[in-house]
Amino acid sequence: MKQTTNTVLMIRPVAFRMNEQTAVNNYYQRVLENLIQPTVNAKAQEEFDGFVAKLRAVGVNVIVVNDTLEPDTPDSIFPNNWVSFHENGDAALYPMFAENRRHERREEVLDLLEDEGFRIDNIVDYTSAEEDGFFLEGTGSIILDRPNGKAYCALSPRADEELFIEFCEDFDLAPVIFEAYHDVNGERKLIYHTNVMMCVGDTFAVICADCIDDKKERKMVLDNLKADGKDIILITEDQVNNFAGNMLEVRGTGDKRYVIMSAAAHQSLTAKQIAQLEKHVEVLSANLDTIEACGGGSARCMVAEVFLPKK
């Protein structure tokens, strides 16, 4: 099992804006008062295109799908929440918390990957859980350590424990379950997605251990990472607020390893943290300010990794 891939799927937005349906528990979203919606979308497209260009420049195979105006999908730029693609030819579809995000699941996106020469043998569909009010938002909720057969999940209104365990059974993974919190107006509230506070690369892991308030859970998560030989790079809650946890390792030309993140995340890191990262990967960052503010997600959220076998 590989931990990283050279091919990623990204969805170019057409009507990007702050999604009122996700703002109820995504406290990273902010209203940009001085920007009207068409300007927000234009800025998001500009940031998206710049990010894609940087990835392609280092040899990452980026498959870009254009979003459609109908139905209304303001968060379509974050495809990793509704789909994941696996080495055994499985594609998994996930149940989404926000009703308007459920429209993001488009069959033609899967068709397009097949047109690109990839094989989808089986669709594992968890979406019926939406009817019962249970959610598990893809690799937003789940951090996979594929070679070590583990999956990490911070439980939240968007990450149901039973559903996560079912996913782990289906994909033969050992579940590592915990709760992660952050300060919201002086209160400790659950972090909506695990990938905001944690990233697992091939030989390293970036994590905000301070978000895991329960000391036993914190130790259990760190012990799992250490047992698998990960070089652990600790980040602060303040850095999490700058999306420093929202990173992803990818491979470029000649299998060269990169970690992708936003410019804000990169700027929030200390020289020591960057040096620790650069022992493993080259840092690739892009300005995603508008996407981060209005979408409450960053570089990792924008990318669905493609591990599918070729036809």
Side-chain angles (χ1 to χ4, degrees), residues 18-33 75 78 80-81 96-98 101 135-143 152-161 164 176-200 205-225 232-248 261-274 276-277 285 287-302:
M18 180 165 170
N19 185 353
E20 58 293 338
Q21 291 186 18
T22 54
V24 294
N25 55 24
N26 178 348
Y27 302 103
Y28 298 97
Q29 287 172 253
R30 298 194 312 278
V31 177
L32 298 180
E33 299 291 358
D75 275 330
F78 304 132
N80 79 311
N81 299 144
M96 313 276 278
F97 170 83
R101 292 212 62 191
F135 312 105
L136 186 68
E137 297 194 330
T139 53
S141 300
I142 305 164
I143 307 289
Y152 294 81
C153 182
L155 302 177
S156 80
R158 304 201 200 177
D160 178 73
E161 184 167 7
F164 173 60
V176 182
I177 300 167
F178 57 99
E179 286 181 341
Y181 294 86
H182 56 153
D183 280 324
V184 181
N185 304 324
E187 264 184 273
R188 293 298 273 171
K189 296 214 170 177
L190 287 168
I191 287 180
Y192 80 111
H193 276 164
T194 319
N195 75 5
V196 173
M197 51 75 68
M198 181 179 187
C199 155
V200 175
V206 175
I207 185 169
C208 180
D210 293 345
C211 288
I212 307 173
D213 289 358
D214 184 299
K215 288 191 173 67
K216 278 189 188 153
E217 286 188 354
R218 185 188 310 163
K219 184 179 185 306
M220 180 265 301
V221 172
L222 293 172
D223 285 352
N224 267 284
L225 294 168
I232 297 172
I233 299 157
L234 293 171
I235 56 172
T236 65
E237 277 194 49
D238 190 46
Q239 289 173 320
V240 168
N241 292 337
N242 285 290
F243 293 99
N246 201 242
M247 303 176 182
L248 180 71
M261 68 185 79
S262 71
H266 197 175
Q267 283 155 16
S268 78
L269 297 175
T270 65
K272 190 179 170 194
Q273 288 166 326
I274 291 169
Q276 201 178 345
L277 263 177
S285 63
N287 171 26
L288 303 172
D289 290 354
T290 311
I291 292 166
E292 288 178 328
C294 295
S298 189
R300 196 280 163 260
C301 306
M302 293 169 66

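The chain is numbered in sequence order, starting from 1.
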A.B. asks: Can you find a heavy atom in the side chain of Ser262 that is under 4.5 Å from one in the side chain of Glu292?
C.D. replies: yes
A.B. asks: Can you tell me if Asp210 uses its side chain to pair, donor with acceptor, with the backbone of Thr236 under 3.5 Å?
C.D. replies: no
A.B. asks: Apply the test side chain to side chain contact (heavy atoms under 4.5 Å, CB included) to residues His266 and Ile274: give CA-CA distance (whole Å), side-chain angles for both, the deciding distance (0.1 Å), then the verdict.
C.D. replies: CA-CA 8 Å; His266 197 175; Ile274 291 169; 3.8 Å; yes
A.B. asks: Check for a donor-acceptor pair, side chain of Asp214 on one end and backbone N or O of Lys216 on the other, with a separation under 3.5 Å.
C.D. replies: yes
A.B. asks: Between Ser285 (side chain) and Ala263 (backbone), is there a donor-acceptor pair under 3.5 Å?
C.D. replies: no
A.B. asks: With a 4.5 Å limit on heavy-atom distance, are the side chains of Met198 and Tyr152 in contact?
C.D. replies: yes
A.B. asks: Mind checking the CD1-CD spacing from Ile233 to Gln273? Nearest 0.5 Å is all I need.
C.D. replies: 8.0 Å
A.B. asks: Is there side-chain contact between Phe135 and Asp160, with heavy atoms separated by less than 4.5 Å?
C.D. replies: no
A.B. asks: Taking the side chain as everything from C-beta on, heavy atoms only, tell me whether Met247 gets closer than 4.5 Å to Leu269.
C.D. replies: yes
A.B. asks: Between Ser268 and Gln239, does any side-chain donor sit less than 3.5 Å from a side-chain acceptor?
C.D. replies: no
A.B. asks: With side chains defined as the heavy atoms from C-beta onward, is the minimum distance between Ile142 and Asn195 less than 4.5 Å?
C.D. replies: no
A.B. asks: To the nearest 0.5 Å, what is the distance between CG on Leu136 and OG on Ser156?
C.D. replies: 9.0 Å
A.B. asks: Can any side-chain N or O of Glu179 pair as donor or acceptor with the backbone N or O of Ile212 at less than 3.5 Å?
C.D. replies: no
A.B. asks: Judged by atom type as modelled, is there a donor-acceptor pair below 3.5 Å linking the side chain of Ser141 to the main-chain atoms of Arg158?
C.D. replies: yes
A.B. asks: Taking the side chain as everything from C-beta on, heavy atoms only, tell me whether Phe243 gets closer than 4.5 Å to Met261.
C.D. replies: no
A.B. asks: Using side chain to side chain contact (heavy atoms under 4.5 Å, CB included), reason through Cys199 and Asn246 one step at a time and then give a plain yes or no.
C.D. replies: CA-CA 7 Å; Cys199 155; Asn246 201 242; over 6 Å; no
A.B. asks: Nearest 0.5 Å, what's the CG-OG distance between Asn242 and Ser298?
C.D. replies: 9.5 Å
A.B. asks: Contact between Phe164 and Ile177 at the side-chain level, heavy atoms closer than 4.5 Å - yes or no?
C.D. replies: yes
A.B. asks: Donor-acceptor check, side chain of Asn287 to backbone of Asp289, threshold 3.5 angstrom: yes or no?
C.D. replies: yes
A.B. asks: As a quick check of understanding, evaluate side chain to side chain contact (heavy atoms under 4.5 Å, CB included) for Leu190 and Leu155, giving each step before the final call.
C.D. replies: CA-CA 8 Å; Leu190 287 168; Leu155 302 177; 6.0 Å; no
A.B. asks: Looking at side-chain heavy atoms only, is the closest gap between Leu222 and Arg218 below 4.5 Å?
C.D. replies: yes
A.B. asks: Going by the side-chain hydrogen bond (donor to acceptor under 3.5 Å, both in side chains) test, name the single residue among Thr194, Asn80, Asn81 that passes it with Thr139.
C.D. replies: Asn80
